[in-house]
Amino acid sequence: MKKESIKISQAKNDETEVHIHLPDDLSLENAQALKEKMESLIDKYSHFVFKVENANNVELVFLQLLYSIYRTCEEKKKEVEYHIDLNKDALTLLTNSGFENTLLFSKTKHKL
């Protein structure tokens with residue numbers, strides 16, 4: 001899979017909030033790109049909103065990274081939201097990997 005761009009935008013009415021629009025390809029390459037971006041953002045903002053629409057390729061490493069980001073934000077007393085629209089195969093991976101029942105994904109808005 002080719003690496004797709006991750007779009008970062010600051011919230012219009014809140015300079016402490018950043019929106020991170022993820023590509024529909026949640027692969028290892030894009031996980032590495034997100035990790036690099038988060039290293040520069042984690043101390044700059046206090047509220048992170050992740051959005052992905054129609055995720056059609058979800059690799060376990062990306063789920064692990066999202067969980068790691070959640071835990072890091074929790075430790076640093078920062079807010080994090082995930083708005084993830086998963087296709088059926090991705091939702092099956094989430095369920096089979098055990099991530100569906102974590103606090104991270106119990107708060108996530110996901111749909112088929």
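Scope of the values below: all heavy atoms of this structure, side chains included, with no hydrogens, waters or symmetry mates. One is the number of the first residue; the rest follow in order along the sequence.
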Closest heavy-atom contact between Pro23 and Ser5?
CD-O, 3.8 Å
Please find the pair of heavy atoms, one from Phe48 and one from Val18, that lie closest to each other, and give the distance.
CD2-CG1, 3.3 Å
Carboxylate-amine/guanidinium contact Asp43 Lys76, below 4.0 Å:
yes
Are Ile69 and Leu41 co-members of a hydrophobic cluster defined by side-chain heavy atoms under 4.5 Å apart?
yes
Report yes or no: do Met38 and Tyr70 belong to one cluster of Ile/Leu/Val/Met/Phe/Trp/Tyr joined by side chain heavy-atom distances under 4.5 Å?
yes
Decide if atom CD of Glu15 counts as having more than 12 heavy atoms of other residues, nucleotides or ligands within a radius under 6.0 Å.
no
Nearest-0.5 Å distance that lies between atom [atom1] in [X] and atom [atom2] in [Y]:
{"X": "Glu79", "Y": "Lys77", "atom1": "CD", "atom2": "NZ", "answer": "12.5 Å"}
{"X": "His21", "Y": "Glu53", "atom1": "NE2", "atom2": "CD", "answer": "9.0 Å"}
{"X": "Ile6", "Y": "Ile20", "atom1": "CD1", "atom2": "CD1", "answer": "8.5 Å"}
{"X": "Leu65", "Y": "Glu59", "atom1": "CG", "atom2": "CD", "answer": "12.0 Å"}

Looking at Gln64, is its backbone amide N or carbonyl O close enough to the side chain of Ser68 to form a donor-acceptor pair, meaning the two atoms are under 3.5 Å apart?
no
Quick one: does Asn57's side chain have a donor or acceptor within less than 3.5 Å of a partner on Leu26's backbone?
no
Any side-chain heavy-atom pair of Leu34 and Leu66 under 4.5 Å
yes
Min side-chain heavy-atom separation Ser27-Phe62 under 4.5 Å
no
Contacts of type side chain to side chain donor-acceptor pair (under 3.5 Å), residue [X], not counting sequence neighbours:
{"X": "Lys7", "value": "none"}
{"X": "His47", "value": "Glu17, Glu81"}
{"X": "Glu39", "value": "Lys35"}

Going by ring pair (Phe, Tyr, Trp, His ring centres under 6.0 Å), name the residues that satisfy it together with Phe50, two or more places apart in sequence or in a different chain.
Tyr82
Please enumerate all residues that pass salt bridge (Lys or Arg N to Asp or Glu O under 4.0 Å) together with Lys37, with sequence neighbours excluded.
none
Should side-chain heavy atoms under 4.5 Å link Ile, Leu, Val, Met, Phe, Trp and Tyr, which residues sit in the same cluster as Leu28?
Val61
